[in-house]
Colleague: 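Dumping the structure here so I can ask a few things about it.
We name chains A, B, ... by the order of the sequence lines, and we start the count at 1 in each one.
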Amino acid sequence: MAKELKELTSREENYAQWYNDLVIKADLAENSAVRGCMVIKPYGYAIWEKMQRQLDDMFKETGHINAYFPLFIPKSFLSREADHVEGFAKECAVVTHYRLKTNPDGTGVVVDPEAKLEEELIVRPTSETIIWSTYKNWIQSYRDLPILCNQWANVVRWEMRTRLFLRTAEFLWQEGHTAHATEEEALEEARKMLDVYADFAEKYMAVPVIKGIKSANERFAGAVETFCIEALMQDGKSLQAGTSHFLGQNFAKAFDVQFIDQENKLQYVWATSWGVSTRLIGALIMAHSDNNGLVLPPKLAPFQVVIVPIYKNDEQRNAISEKVATIIAQLKAIGISVKYDDSNNRKPGWKFAEYELKGVPVRLAIGARDLENGTIEVMRRDTLKKETVTMEGIELYVKDLLEDIQTNIYKKALDFRTSVTREVDSYDEFKVEIEKGGFLMCHWDGTSETEERIKQETKATIRCIPLNGDKTPGKCIVTGKPSAQRVVFARNY
RNA sequence: CGGAGUUUAGCGCAGUUGGUAGCGCGCUACGUUCGGGACGUAGAGGUCGGGCGUUCGAGUCGCCUAACUCCGACCA
């Protein structure tokens, strides 16, 4: 068994610190010179690229196309939709000038006061406004609908307190923005994309999620209905992993986007928007990793297999490398990504620890002894179990193993979630149970006041009203008023 | 935006009553090693976060300032 890393804080000791340590030590990201902004390092970005590629394929399969809208949004656009501006105004970066000049005393540069913008520009916190001001020109008739656009972009939300991947001032995401002729179609779109996100989370990230509807308190500013997927982290806190909004006609009305329907009548367009961000990487880390480092699902690992040679001299090293070249070819031929680390400046033991820290799903170790016996040592990252197998057919063995790891870490996460999800029927019990973390399934009277009170008193919020599952009515745990179904309460990120 | 803490070599840290800066890791070279974070020898690497002050003399004392981390409030 691997010994635990000295430098990595253990999860039990301090979960938040464990997460911070892991992000840095696994080389995923680091803090930058700009407060609240992060540098996503190559290994971390490789995970994002894998996510991007998969999601992009899924968007294309569901009929969407990519486009790009500007980073800057005229200030006046943001005030067009009252709820929307309310939601974002406090955290917007504003561009006021367009030019610098050399400081008169020769020390660096200053903002040129002559170069003040007539209308200030907002660095997008999200793109609904710029997009709907554009869609106005794209839409005249029902024949122009639907519009199913997505964009991959960065956005800026000036957060007071930030954490790598989980909450940063600038982050990467995709935002889908669709326009529809009917309410039903837009609602169906919002639901469809929620399903896409849930599929992605469960099948690729191996993170089980609850699909649900946000309460009014948690709803996106400007949306009629916000759908979400909620994931449970190992410390018992919930993390919103993706959202899909049914925007109704709010933005169409704000930007006067109307179309002529088949009866030659003018109607406002129906809208959706949906997004996931680099925050998913935070979810990935917190869902699976352990005290030895990252545990990555094979489907998103930058490389799925690492091969470490064990040799005493150049002669052995060459002999091993020759054999490894064959194995690499066999693995690649069936679509398995592999890294061969034959660097001479680290010993095998060091490499073992390093690749465990980085969460590589499978490690193959091969030494002179293996060459003689026709064997190879295989270790799986999720359980840290080692075994020695014959080299013959190793690629198929690894293929099965990768699938098994993908399934196993999903199951592990699901079992954990099941074990900390429980029904609670009294507020007294709730106050005790919420301290233990996990999802509490409770009846709620449906009012913002009750939710707000629970939040103030326990720091827990309604993560969502689940779409699937038990729909048995009951009584609110706080007020005793009727409740249509249990909702998910948790503390959250 | 409030409370606390930190800032000294690439990283992690020590530095006593104020006397001119050190340890571990890493890095470079050579050698021995290599099946779970190897070892030896020889090196390189510092405007002590920044500014002002006290002093013959400041990493150390005082004031100001900045950044970062954690805890709150706010939020994807």
Colleague: Across the strands shown, which category fits A:Arg346 at heavy-atom distances under 4.0 angstrom: base, sugar-phosphate, nothing?
Modeller: sugar-phosphate
Colleague: Quick check on contacts: within residues 168-178 of chain A, what sits under 4.0 Å from RNA chain B by heavy-atom distance?
Modeller: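 Listed by number, they are A:Thr168, A:Phe171.
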Colleague: Is it true that A:Glu230 and A:Lys214 have a side-chain N and a carboxylate O under 4.0 angstrom from each other?
Modeller: yes
Colleague: Return the pairing partner of B:rA76 with a 3.5 Å limit on both distances, Watson-Crick or G-U wobble; otherwise return none.
Modeller: none
Colleague: Examine A:His84 together with A:Trp132 and report whether their ring centres are nearer than 6.0 Å.
Modeller: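 Aromatic pair excluded; centres sit 6.0 Å or further apart.
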Colleague: What is the distance from CG of A:Asn345 to P of B:rC30, rounded to the nearest Å?
Modeller: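 Those two atoms, CG and P, are 13 Å apart.
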Colleague: Between the side chains of A:Arg191 and A:Glu188, is the shortest nitrogen-to-carboxylate-oxygen separation below 4.0 Å, so that they form an ion pair?
Modeller: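 Answer for the salt bridge query: no.
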Colleague: Please tell me whether A:Trp48 and A:Phe171 form a close aromatic pair, meaning their ring centres lie under 6.0 Å apart.
Modeller: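 Not under 6.0 Å, so no.
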Colleague: List the atom of A:Ile454, the atom of A:Tyr427, and the distance in Å for their closest heavy-atom pair.
Modeller: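 Answer, listing the atom of A:Ile454 first, then A:Tyr427: CA-OH, 3.6 Å.
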Colleague: Let's see if you can work this out: which of B:rC34, B:rC75, B:rG36 has an atom nearest to the side-chain heavy atoms of A:Ala353?
Modeller: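 So the nucleotide nearest the side chain must be B:rG36.
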Colleague: Do side-chain atoms of A:Asn468 reach the backbone of A:Lys211 as a donor and acceptor pair under 3.5 angstrom?
Modeller: no
Colleague: What's the gap between B:rU20 and B:rC48 when it is taken at their C1' atoms, as a whole Å value?
Modeller: 12 Å
Colleague: Could you tell me whether the side chains of A:Arg463 and A:Thr461 share a donor-acceptor contact shorter than 3.5 Å?
Modeller: yes
Colleague: What's the gap between B:rG26 and B:rC64 when it is taken at their C1' atoms, as a whole Å value?
Modeller: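 Per the computed distance, 37 Å lies between those C1' atoms.
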Colleague: What's A:Lys214 touching, base or sugar-phosphate or nothing? Going by heavy atoms closer than 4.0 Å.
Modeller: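 The residue A:Lys214 makes no contact with any strand.
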Colleague: What's A:Arg317 touching, base or sugar-phosphate or nothing? Going by heavy atoms closer than 4.0 Å.
Modeller: nothing
Colleague: Write down the partner of B:rA44 under the Watson-Crick or G-U wobble criteria, each distance required to be under 3.5 Å.
Modeller: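 None - no nucleotide pairs with B:rA44, as no candidate has both distances under 3.5 Å.
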Colleague: In whole angstrom, give me the gap between the C1' atoms of B:rA14 and B:rA76.
Modeller: 42 Å
Colleague: Angle between ring planes, A:Phe489 versus A:Phe430, binned at 30° and 60°: parallel, tilted or perpendicular?
Modeller: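 Perpendicular: the ring planes of A:Phe489 and A:Phe430 meet at over 60°.
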Colleague: Give the minimum heavy-atom separation between A:Tyr340 and A:Ser321, together with the two atoms involved.
Modeller: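 Smallest interatomic distance, heavy atoms only, reads OH-OG, 2.8 Å.
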Colleague: Does any N or O in the side chain of A:Tyr135 come within less than 3.5 Å of the main-chain N or O of A:His177, such that one atom is a donor and the other an acceptor?
Modeller: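 Yes.
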Colleague: Need one value for A:Glu91: base, sugar-phosphate or nothing, where a base atom within 4.0 Å counts as base even if backbone is also close, heavy atoms only.
Modeller: sugar-phosphate
Colleague: For B:rC70, does OP1 or OP2 lie under 4.0 Å from any side-chain N or O of A:Asn20?
Modeller: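 Looking at the OP1 and OP2 atoms of B:rC70, one of them is under 4.0 Å from a side-chain N or O of A:Asn20.
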Colleague: P atom, B:rG15 versus B:rC23: distance in rounded Å?
Modeller: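 Those two atoms are separated by 15 Å.
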Colleague: Would A:Gln174 and A:Asn66 count as having a side-chain donor-acceptor pair, cut-off 3.5 Å?
Modeller: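 Per modelled atom types, A:Gln174 and A:Asn66 side chains form no pair under 3.5 Å.
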Colleague: Give the nucleotide from the list B:rC75, B:rG36, B:rG35 with an atom nearest to the side chain of A:Glu356.
Modeller: B:rG36
Colleague: Output the rounded distance in Å from OH (A:Tyr355) to P (B:rG36).
Modeller: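 To the nearest whole Å, that distance equals 17 Å.
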Colleague: Is the backbone of A:Val305 close enough, under 3.5 Å, to the side chain of A:Lys339 for a donor and an acceptor to pair up by distance?
Modeller: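 Answer holds: no.
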Colleague: Quick one, which residues of residues 229-241 of chain A touch RNA chain B with a heavy atom under 4.0 Å?
Modeller: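 Within residues 229-241 of chain A, the residues near RNA chain B are A:Gln240.
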Colleague: As a test of reading the structure: which of B:rC70, B:rC68, B:rA73 is closest to the side chain of A:Asn31, going by heavy atoms?
Modeller: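 Of all the options, the side chain of A:Asn31 is nearest to B:rC68.
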Colleague: B:rC1, B:rG35, B:rA76: which one has an atom nearest the side-chain heavy atoms of A:Met160?
Modeller: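 Nucleotide nearest to A:Met160's side chain: B:rC1.
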Colleague: In whole Å, what separates the C1' atom of B:rG18 from that of B:rG3?
Modeller: 32 Å
Colleague: If you assign A:Phe165 and A:Met379 each to the RNA chain B nucleotide with the nearest heavy atom, which residue ends up on the more 5' nucleotide?
Modeller: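 It is A:Met379, whose closest nucleotide lies nearer the 5' terminus.
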Colleague: Taking only N and O in the side chain of A:Arg35, is any of them less than 4.0 Å away from OP1 or OP2 of B:rC68?
Modeller: yes
Colleague: Watson-Crick or G-U wobble partner for B:rC39, using a 3.5 Å limit on both distances?
Modeller: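 Partner of B:rC39: B:rG31.
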Colleague: So, does the side chain of A:Lys386 form a donor-acceptor pair with the base of B:rG36 at under 3.5 Å?
Modeller: yes
Colleague: Suppose we define a pair by two distances each less than 3.5 Å, Watson-Crick or G-U wobble; what does B:rG53 pair with here?
Modeller: B:rC61
Colleague: Counting only side-chain heavy atoms from C-beta out, which of B:rG36, B:rA76, B:rG35 sits nearest to A:Glu159?
Modeller: B:rA76
Colleague: When you match A:Gly87 and A:Asp314 each to their closest nucleotide on RNA chain B, which lands nearer the 5' end?
Modeller: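 Checking each residue's closest nucleotide, the 5'-ward one belongs to A:Asp314.
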Colleague: Going by purine N1 to pyrimidine N3 plus the second Watson-Crick contact, or the G-U wobble pair, all under 3.5 Å, which nucleotide sits opposite B:rG10?
Modeller: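 By the stated definition (distances under 3.5 Å), B:rC25 pairs with B:rG10.
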Colleague: For the C1' atoms, the ones on B:rU60 and on B:rA21, what distance do you get once it is rounded to whole angstrom?
Modeller: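 Going atom to atom, C1' in each nucleotide, I get 12 Å.
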Colleague: Taking only the P atom of each, what is the distance from B:rU6 to B:rG45 in whole angstrom?
Modeller: 31 Å
Colleague: From the set B:rG36, B:rA73, B:rA76, return the single nucleotide nearest to any side-chain atom of A:Arg167.
Modeller: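 In terms of side-chain proximity for A:Arg167, the closest of B:rG36, B:rA73, B:rA76 is B:rA76.
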Colleague: Between the main-chain N or O of A:Asp290 and the side-chain N or O of A:Trp18, is there a donor-acceptor pair closer than 3.5 Å?
Modeller: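 Yes, A:Trp18 side chain to A:Asp290 backbone: donor-acceptor pair under 3.5 Å.
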Colleague: So for A:Glu354 and B:rG36, does any side-chain atom that can act as donor or acceptor lie under 3.5 Å from a complementary atom in the base?
Modeller: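 A donor-acceptor contact between them is absent.
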Colleague: Suppose you measure atom P in B:rC13 against the same atom in B:rU69; what distance do you get, rounded to whole Å?
Modeller: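 My reading of the P atoms in B:rC13 and B:rU69 gives 14 Å.
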Colleague: Can you tell me the distance, in whole Å, between the CZ atom of A:Phe227 and the C1' atom of B:rA76?
Modeller: 18 Å
Colleague: Taking a pair as Watson-Crick or G-U wobble with both distances under 3.5 Å, which nucleotide is matched to B:rG2?
Modeller: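 Partner of B:rG2: B:rC71.
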Colleague: Checking contacts here: which listed nucleotide (B:rG35, B:rC70, B:rA76) is nearest the side-chain heavy atoms of A:Arg157?
Modeller: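 Side chain of A:Arg157 sits closest to B:rA76.
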Colleague: So which protein nitrogen or oxygen atoms get under 3.5 Å of nucleotides 3-13 of chain B's nitrogens or oxygens?
Modeller:
none

Colleague: Does the side chain of A:Ser448 pick up a donor-acceptor pair with the side chain of A:Asn217 at under 3.5 Å?
Modeller: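 Judged by distance alone, the side chains do pair up.
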Colleague: Quick one about A:Thr390 and A:Glu392 (side-chain donor to acceptor, distance below 3.5 Å, no hydrogens or angles considered), yes or no?
Modeller: no
